[in-house]
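The structure under discussion appears below in the form of structure tokens.
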Amino acid sequence: MANVPVTFSTAFGSGAVLGSAVTDHLREMNKREPTEQTFVKSALWQKYYDAAPRVPSAFRWQWPVKAINTSRATPYSGAQVNTPTGSDDITTASEQVAHYRCPIQLLRTEMINTKGGQALFDYAGAKMTSAREELATTLGTDTWSSSSVTSPAYGLQGVRLYLPADPTASVAYNSVNGAAGVQPYWRNSTITSVGSFATNGVDKMDRLSALIHSAGGEWESAYTDLSTHTFIKKAARTHYNINSNISGETKRVAAFGFSAVEFETKGVFAESSTYLADATGIIYFIPSKEKFQLRIVEGVDFNVTEMCPLTPGGQSGMAAWIEFSGQWCAYDRRSGGQMSGIT
């Protein structure tokens with residue numbers, strides 16, 4: 001859209017330029033609405049959005065990731081000559097930036113119906129709030145998509161691609177493939193066929209956490225569907241009831257790692273069924289924001305574009321866009337994992 005003024009003399013009879021006034025109102029309102037509240041449906045976005053770095057735009061982002069190659073390190077003696085051998089200890093990850101937008105549209109009939117005083121601006125503000133929520137829901141949906149988002153355009157590459165059920169398969173993420181011969185470090189840990197959480201769940205969570213640590217990783221928080229989260233809360237309550245006369249750190253140990261809805265003092269969150277309806281019975285262990293992060297293009301972070309005419313002359317209405325550009329980027333895959341088959 002070109003940044004041109006919109007005149008609605010037919011609708012308002014004043015010949016006043018309205019597009020810029022509505023744009024200014026929406027942008028000011030947008031500043032006052034905390035964006036993190038938009039992500040109320042997504043526990044992952046609530047946790048990762050504020051810490052997301054705002055970086056200059058590029059068609060593709062590239063960054064180095066560490067590739068452990070123990071064959072390059074050798075003992076030597078005195079003046080012994082060593083010739084550097086083996087593959088490089090650093091490889092390059094890369095990912096295409098994803099761009100999203102949702103329209104804030106005011107039809108001519110809507111403007112006539114809300115003509116006078118503050119009514120039009122209030123109506124436009126309500127439409128902007130709705131557009132923010134629609135955009136946030138789409139971002140959450142694509143973040144938890146089971147497949148690469150490529151239609152209608154390239155989208156966010158999310159958690160379920162980052163932490164596949166079979167990390168030895170050819171499942172590349174950020175252009176690095178854990179199945180490739182020299183990239184075994186780019187594999188997450190997994191535990192499958194857990195079965196009853198009441199019987200096996202806590203032990204299996206212990207095991208997955210140990211697998212991540214033994215691979216040199218470190219997880220920070222876990223996410224699961226509502227039903228599985230209920231199993232976890234039930235297990236935590238049961239352990240507390242058994243140890244009702246214990247308090248403080250002793251109680252935490254006696255509760256097999258659970259403190260409220262925490263495991264090993266790390267948060268375990270229920271993600272919205274909007275996003276995990278087809279991924280029940282799975283717990284995703286996610287690393288810190290330094291190792292798995294949401295990157296956002298600077299200046300394209302739920303911003304509102306200029307209101308412009310829908311048709312030449314603006315006789316049918318006007319519209320702006322609320323936009324977002326960014327991507328999920330991984331620096332380490334060993335710090336994450338998933339356990340599945342929970343009943």
Side-chain angles (χ1 to χ4, degrees), residues 42-48 52 63 65-68 93 95 98 139-149 155-180 183-194 197 201 204-226 228-229 232 263-264 266-273 275-295 327-342:
S42 175
L44 182 71
W45 272 81
Q46 282 182 315
K47 189 171 180 64
Y48 278 74
W63 62 96
V65 294
K66 182 169 61 176
I68 302 298
E95 192 56 81
L139 294 173
T141 299
D142 289 357
T143 290
W144 288 104
S145 174
S146 60
S147 59
S148 177
V149 178
L156 294 175
Q157 306 299 296
V159 174
R160 293 166 70 182
L161 301 177
Y162 172 58
L163 302 175
D166 183 4
T168 65
S170 183
V171 186
Y173 190 79
N174 293 158
S175 302
V176 183
N177 194 342
Q183 297 170 340
Y185 57 88
W186 202 245
R187 296 175 187 168
N188 56 283
S189 299
T190 60
I191 291 181
T192 59
S193 304
V194 173
F197 190 90
K204 295 295 186 179
M205 290 181 76
D206 276 334
R207 175 63 176 165
L208 180 57
S209 182
L211 286 173
I212 293 172
H213 293 155
S214 65
E218 180 68 34
W219 67 281
E220 182 177 276
S221 54
Y223 301 82
T224 188
D225 64 278
L226 293 173
T228 305
H229 196 258
I232 296 171
F263 185 74
E264 296 183 351
K266 300 169 184 176
V268 181
F269 301 96
E271 189 55 280
S272 171
S273 56
Y275 310 130
L276 292 181
D278 64 337
T280 57
I282 304 173
I283 303 176
Y284 298 91
F285 284 42
I286 311 293
S288 68
K289 305 172 193 69
E290 290 74 32
K291 296 182 178 180
F292 181 64
Q293 66 179 211
L294 175 67
R295 285 188 177 187
Q327 190 58 269
W328 290 100
C329 301
Y331 287 79
D332 177 17
R333 216 173 184 178
R334 295 171 300 162
S335 290
Q338 67 149 284
M339 54 186 283
S340 59
I342 300 169

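Start at 1 with the first residue, then count along the sequence. Scope of the values below: all heavy atoms of this structure, side chains included, with no hydrogens, waters or symmetry mates.
Remark: side-chain polar atoms of Gln327 are paired, donor with acceptor, to backbone N or O of Gly155 under 3.5 angstrom. No donor-acceptor distance shorter than 3.5 angstrom exists from the side chain of Ser209 to the backbone of Met205, with no hydrogens or angles considered. With hydrogens and angles disregarded, a donor-acceptor distance shorter than 3.5 Å links the side chain of Asp225 to the backbone of Gly281. Side-chain atoms of Arg334 never come within 3.5 Å of backbone atoms of Gly216 as a donor-acceptor pair (strictly under, hydrogens ignored). A distance-only check finds a donor-acceptor pair linking the side chain of Thr224 to the backbone of Ile282 [under 3.5 Å]. Of the possible donor and acceptor atoms, one in the side chain of Asn188 sits under 3.5 Å from a partner among the backbone N and O of Pro164. Side-chain atoms of Glu271 come within 3.5 Å of backbone N or O of Ala43 as a donor-acceptor pair. Not one N or O on the side chain of Trp144 forms a donor-acceptor pair closer than 3.5 Å with the backbone of Ser272. Using modelled atom types, one side-chain atom of Arg333 and one backbone atom of Tyr162 make a donor-acceptor pair closer than 3.5 Å.
Side chains of Ile212 and Leu208 form a contact here, defined as non-hydrogen atoms less than 4.5 Å apart. Using a 4.5 Å heavy-atom threshold, the side chains of Trp328 and Asn174 count as separate. A 4.5 Å side-chain heavy-atom check between Leu211 and Phe285 finds every atom pair outside the cut-off. In this structure, the side chains of Ser221 and Phe269 come closer than 4.5 Å at one or more pairs of heavy atoms.
Nearest heavy-atom pair across Pro287 and Phe292 is CG-CB, 3.7 Å. Across every non-hydrogen atom of Ser335 and Gly217, the tightest pair is OG-CA, 3.2 Å. Closest approach of Ala179 and Thr168 over heavy atoms only: CB-O, 3.2 Å. Smallest separation of non-hydrogen atoms from Lys266 and Trp219: NZ-O, 2.9 Å.
Summarising the local packing, CZ of Arg295 is surrounded by more than 12 heavy atoms from other residues, nucleotides or ligands at distances under 6.0 Å. Heavy-atom neighbours of Lys204 NZ from other residues, nucleotides or ligands within 6.0 Å: at or below the threshold of 12.
Here the CG atom belonging to Leu294 is positioned 8.5 Å from the CG atom belonging to Leu44, to the nearest 0.5 angstrom. Going from atom CD of Glu95 over to atom CG of Leu156 covers 9.5 Å, rounded to the nearest 0.5 Å. In this structure, OG in Ser148 is found 3.5 Å from CD in Gln157, a value given to the nearest 0.5 Å. The line from CG of Asn177 to OG of Ser170 is 4.0 Å long, rounded to the nearest 0.5 Å. Atom OG1 of Thr143 is separated from atom CZ of Arg160 by 12.0 Å, given to the nearest 0.5 angstrom. How far OG of Ser193 is from CD1 of Ile342: 11.0 Å, rounded to the nearest 0.5 Å.
In this structure, a donor-acceptor pair under 3.5 Å is absent between the side chains of Thr190 and Asp166.
The pair Lys291-Glu218 does not meet the salt-bridge criterion, since no charged nitrogen lies less than 4.0 angstrom from a carboxylate oxygen.
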**OP:** Starting from the C-alpha separation in whole Å, work towards a yes-or-no answer on ring pair (Phe, Tyr, Trp, His ring centres under 6.0 Å) for Tyr331 and Trp63.
**Re:** CA-CA 8 Å; Tyr331 287 79; Trp63 62 96; 5.8 Å; yes
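If you look at Tyr223 and Tyr284, their ring centroids are not closer than 6.0 Å.
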